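What follows is a short report on a single structure.
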Amino acid sequence: MGSTKTSLTVFIDMNKAFSIVGSLAAISAVVLILITRAYRQYVFRLQLYLAVACFFFAVSVGFETLPVQVTVETNSSIAAVREGWNDSCVAIGFLAQYFGFAKSFSVLWICIYVFMAAVYERQLRQLKYEISGLVFTFALPAAITWIPLLHGSYGLMGIWCNIKLPFNHFDTIYVLMSQGLIFVIQFASLILLFSAVVKFCKPSDVYSKAALREILPLTIYPPLYSIASVIYASNIIINVTVHGLKPAEENENEIIVVSLLQTCVLSIPLSLLLHPRLRSNIAHLCKKIATAAAPSSESHTELSHPSSSQIESVVENTPILRSCPRAAGTSRIQDDF
């Protein structure tokens, strides 16, 4: 029992650590886009929407193991945790499922955007396309994840707040179909992205060269996330169909796969820094900060040189200067300053 608790503690600490890594990476991406005002361009708004989904997914996954963490710390039983944390687990499980699907649909929309820009040379920057993308990214996942919520399926699944165990017939069908949908989304994303990259690689195409520089950062996170998602979905499907999930701690290995998903988020701020326009915005921002921090040359000039009224006063009070031709002298002094 002691070794089991030690193992649980290690896996729970891993989940918390990688959740912090994922959330901090997503926050840094959001901050980069906001402080450089890159959100005025649709390419960066796509990254912004993705980073927001990644942040809330990381936070919700960090809370998914909270009930079992309390179990280990208080020497309670899993059954007692089910009773005390059922309502909280329902909310946490729903949010984790929702933002997980939001990430997947966001990646798919980014791949559609890159594919359209590469193959059909169409930049989907109009407002109607952006609204369609937001509905696709955030409204469609809600329609999917509300189904088990209305059916009362969320709860404690092993050490996770997710679809509760033991599965009934509806829960099994939903888990298999939802993970199958993840498979379809990720493979579609990879195919669209591969087609776009092949088109971009044509050296004679001037449009492709310019578009590639603009869209290249969008092509880094999707393949990493798609590969990690396929591994995660495969793990779930194997657990359900082959081994059979049990209401205990047998699905600890999911933490390792989820940690891989969280690590992929690091590529979002790194890909932003690869974008030439964002680097230019950052350089401009640093220049403005340096200029604001440096002493003002204008104030230095005002302290070093007399004003025209002071010159006039000196001329009036000095007989030699007063006897000089007025217009020529004044004009000559004003030209010097």
Side-chain angles (χ1 to χ4, degrees), residues 17-59 62 103 106-107 109-110 113-114 117 123-127 130 133-134 137 197 200 206-225 262-311 314 332-337:
F18 282 99
S19 295
I20 292 172
V21 169
S23 58
L24 290 179
I27 289 175
S28 63
V30 172
V31 170
L32 272 175
I33 294 171
L34 293 181
I35 65 173
T36 58
R37 298 184 180 180
Y39 55 82
R40 292 177 291 184
Q41 298 161 356
Y42 185 49
V43 171
F44 294 108
R45 288 201 297 276
L46 284 173
Q47 294 281 65
L48 180 64
Y49 303 146
L50 175 62
V52 169
C54 289
F55 171 76
F56 285 107
F57 175 77
V59 172
K103 285 177 64 175
S106 180
V107 166
W109 183 256
I110 287 173
Y113 175 82
V114 174
Q123 303 272 342
L124 306 180
R125 295 174 178 172
Q126 293 91 334
L127 181 61
E130 184 165 2
L134 288 173
T137 300
V197 170
F200 278 142
V206 177
Y207 170 82
S208 294
K209 290 181 180 179
L212 179 60
R213 288 193 300 269
E214 185 76 15
I215 299 174
L216 180 62
L218 292 178
T219 65
I220 297 177
Y221 177 77
L224 297 176
Y225 174 73
Q262 304 285 27
T263 308
C264 293
V265 183
L266 290 170
S267 65
I268 299 179
L270 293 177
S271 65
L272 288 172
L273 294 175
L274 291 176
H275 200 289
R277 190 170 299 179
L278 187 68
R279 290 205 308 269
S280 176
N281 290 351
I282 293 173
H284 180 68
L285 179 64
C286 293
K287 186 177 179 180
K288 286 177 64 177
I289 294 173
T291 303
S296 175
S297 59
E298 293 181 359
S299 61
H300 178 72
T301 302
E302 291 175 1
L303 292 175
S304 301
H305 302 287
S307 64
S308 59
S309 60
Q310 291 174 327
I311 295 170
V314 171
R332 190 165 51 248
I333 292 171
Q334 288 177 345
D335 286 344
D336 290 340
F337 294 93

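Quick caveat: nothing in here was measured; it's all calculated off a predicted structure. The first residue of the sequence shown is numbered 1, and numbering continues consecutively from there.
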With heavy-atom distances below 4.5 Å as the criterion, would you say the side chains of Ile33 and Arg45 are in contact? no

Can you spot which of Phe57, Phe56, Phe55, Phe18 makes a side-chain contact (heavy atoms from CB on, under 4.5 Å) with Ser23? Phe55

Approximate separation, where rounding is to 0.5 Å, of Leu270 CG and Ser28 OG: 8.0 Å

How far apart are the closest heavy atoms of Ser271 and Gln47, and which atoms are they? OG-NE2, 3.4 Å

Give, for atom CG of Leu24 and atom CG of Leu266, the distance between the pair rounded to the nearest 0.5 Å. 9.5 Å

pair Cys54-Tyr221: side-chain heavy atoms closer than 4.5 Å: yes

Between Ile110 and Pro222 the two heavy atoms that sit nearest each other are CG2-CG, 4.3 Å

From CA spacing to verdict: side-chain contact (heavy atoms from CB on, under 4.5 Å), Tyr39, Gln41: CA-CA 5 Å; Tyr39 55 82; Gln41 298 161 356; over 6 Å; no

Side chain to side chain, Leu50 and Trp109, heavy atoms closer than 4.5 Å: no

Please find the pair of heavy atoms, one from Ala26 and one from Val265, that lie closest to each other, and give the distance. N-CG1, 3.8 Å

A quick test of your reading: do over 12 heavy atoms of other residues, nucleotides or ligands sit less than 6.0 Å from OH of Tyr42? yes

Considering all heavy atoms of both residues, which atom of Gly22 and which atom of Ala58 are nearest to each other, and what is their separation? C-CB, 4.0 Å

So Leu32 and Leu273, do their side chains get closer than 4.5 Å, heavy atoms only? yes

